[in-house]
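Here is the structure we will look at, set down as structure tokens.
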Amino acid sequence: MESDEKGRIDQEEMNKDAANHNSAHAWSNLTGTSLNLAGPCYSMPSSRGDFMGDGAYSSSALMVDSFGRELWDRASDPSLENLGCCEVSGHSHNNSSLSETSGIRRIGTAAFRTNVGWNPRSPMLNSALYAPNALNIPPGSFCLPQFPSDSGFIERAARFSCFNGGNFTSLPNPSAIFPSAGCYPVGPGLLAAPSEIFRSNFMKLGSNLNVESTEDVDMLASKQDTFQGCPQKNSLKSESETVMRCDDGTEQAAGLSSNDSDGGNYSGNHGGQADTSIADSAGGEDSLKEVSIGKRKRSSVMEAGSNKANVAVGIMKNDSEYQKKVEQSPSAGPSKGTGKNNKQETPTSDPLKGDYIHIRARRGQATNSHSLAERVRREKISERMKLLQDLVPGCSKVTGKAVMLDEIINYVQSLQRQVEFLSMKLATVNPRLDGNIERLLAKEQRAGPSTLGTSPEIQMGYHQMNIVPPGLVPPDALGRAILGVQTAPLSAGVREPQVPHSWEDELHNVVHMGFSCNIAAPRGQGIDKSLPPDNMKVEL
Amino acid sequence: MMHNPSKVRQKIMKKWIMGLRSCSSSHENLSLSERRWIIKLSADLALASVRNGSRRWSRAIIEEASRNPDNKGLIQRMLGSGCDYRSPCLIPREGRSDGNGAGHVTKSMWVATSSKKIVKRCRRARRSNGRAPRRNEAASIAKRLVKKRTQLLKDFVPGGQDMDDVSLIEETLDYIVWLRAQVDVMRALAHSLPATTSI
């Protein structure tokens, strides 16, 4: 049922987009909106260090994640002019709430799909996105082909292309890695270079993006969807495969801990092997594993950041990462590796079969299955929180699980309060509802979406509700003004002029200016002024 | 899931008004608070029924409402036409209910919760074997905060009590979206009706 829904929604989304914009722009709209999602992530490149309370790795994870995604979709859109068009079209979308909620719906399906497995997207979407570009990436180019927006893949691809653009020529085979990897541990100079590339691109791209919740949601949804929809391998992966010397039977130790001192090649091989096998089993696995792999790499990036000797090597590629780990004196003996191997061996040898979760323990972390399960759980949660962040207004700057939860709670509370307030308001309306209701229904059907609120209104309502004094018909000027302002945008959007509320109108003009600054008040103010939960519940 | 938000809202509106209308005959005699209750309840039920019970919160809303015997009539009128909340169409993903009439806790959910408890217990046992607690002090404070807020969130999201964190966040996600739709619908109605107040 949900797959049908998703397919249908895609179709609808396509149709709607095609109807509203050029078909050319329809696709770019999708990808462009997908770009916008990365926006909020960009705005706080390093400020989410304590997200999840698990240390800095997730911040870099998010950073690189969004960065990778951004690169991804940017590259997937060959003409960057479309970016501007996308943003414009996204904003000028007739029905921003429609896109928002449909996007949200897709987020919903996308988010919930991650556990269920792959759900092939509509072929139209896939082919349209993937057809125009050649599958093979020239190693030196920054332009990536369409690719499932897997965070792990994206991140690898980003690094791949980054380094191609930066210092490497090509990485066709692993043996080439070693000598080049050997040059790397030179210290902060080289460390600075790739990370600078990273960061400069990051910020540059971030500045181009527009942060808008609806587009964010759309983008996230579309990305998740495309991610799920394209489990097949593609050239980028095959390139990384070549780097990692696909060798099925040899996946043994060091898959996780990679602390074996058996030889960098070997471990790199296995690490890569596990990666590719993980990537292979797209049918059975979900994005979480990829995320976990990706995050592990990002964590290694962060760890490398703290250890200069590792950095250059660490940032680079998968097997060079493993190499680094190998070169560092391993903390764990081979027993841990084997313990992990056993868990991994079966799935990798038969990648299509099971729902095994391939997780690598980070360096220095226990490989206990409990802690791994715990880590998977944490990553799941963080993923969901990211989605929620796009949904709850004003959460883009928030870091940390507790604060995010706080915001979410406040938002849910405020929505529920609004419902109660509105029901109270309706209860005072003249109880002769029948005629009114008929009239209203007819109006609603004719007016359609324009009558209904859009997200800015909701946000405004959210702000306003926090400072509306309790009471059904606020007698004072403040209350009237607030409500007047609140309804002003709604009535502006209404196609058919509704019967104005006299007591709202009279102060409307006067207070509109005065409250415009209130509306524009930062989110935090709204929160600070939020009344205790019971305040809005007026018991008569 | 919201195929088409405007259509969804129209559906919600229609169901809601249908429910209101079914009570409108007695509207004259009701006090303000009773009217408010009816309005809110019918709005919630409309939301939940349009959502069709494929989410825990929608089922929870219906269950809660049906616990109150006064609401039975309204529930029947509103939901009788569509799927009954107990019917299989309302429990698509998580499997059938475990025989309990409301399908309150599905088997998979129970398994998830219980396995989570087992993991927690093992972790606690392992941790008590001499992990240095001091270096995790900040982390433990953070965890406490998070736990507190998770509990709060569980109180707000209907049906969130028995859920693990991951599903809780998913439910919240979904709930927020649909709650927004409900607010939109109600606001549209409130603004389009004439403001003749009768208290």
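Here is how names work: the chains are called A, B, and so on, in the same order as the sequence lines, proteins then strands, and each is numbered from 1. Predicted model, so just to flag it, every value in this text is computed and none were measured.
Here the closest heavy-atom approach between residue A/His370 and residue B/Cys122 is recorded as NE2-CB, 3.9 Å. When every heavy atom of A/Val412 is checked against every heavy atom of B/Leu179, the shortest pair comes out as O-CD2, 4.1 Å. Contact between A/Leu422 and B/Ala190 at its shortest, heavy atoms only, is CD2-CB, 3.9 Å.
For the pairing with A/Ile409, the side-chain contact (heavy atoms from CB on, under 4.5 Å) check across B/Asp155, B/Val157, B/Leu152 returns one residue only, B/Leu152.
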Go through B/His191 and A/Lys425 one step at a time and tell me if the side chain to side chain contact (heavy atoms under 4.5 Å, CB included) criterion holds. CA-CA 10 Å; B/His191 290 318; A/Lys425 192 168 166 197; 3.4 Å; yes

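If you take CD1 on A/Ile408 and CZ on B/Arg149, they are separated by 11.0 Å, rounding to the nearest 0.5 Å. In this structure, CG in A/Leu415 is found 7.0 Å from CD1 in B/Ile176, a value given to the nearest 0.5 Å. Here the CD atom belonging to B/Glu170 is positioned 10.5 Å from the CD1 atom belonging to A/Ile381, to the nearest 0.5 angstrom.
Counting heavy-atom pairs under 4.5 Å between each of B/Leu168, B/Leu145, B/Thr172, B/Leu153 and chain A puts B/Leu153 at the top.
Residues B/Tyr175 and A/Gln416 are in side-chain contact: their nearest non-hydrogen atoms beyond the backbone lie under 4.5 Å apart. Proximity of A/Gln418 to B/Arg180: side-chain heavy atoms (C-beta onward) are nowhere separated by under 4.5 Å. Looking at heavy atoms from C-beta onward, B/Ile169 lies in side-chain contact with A/Met385 at the 4.5 angstrom threshold.
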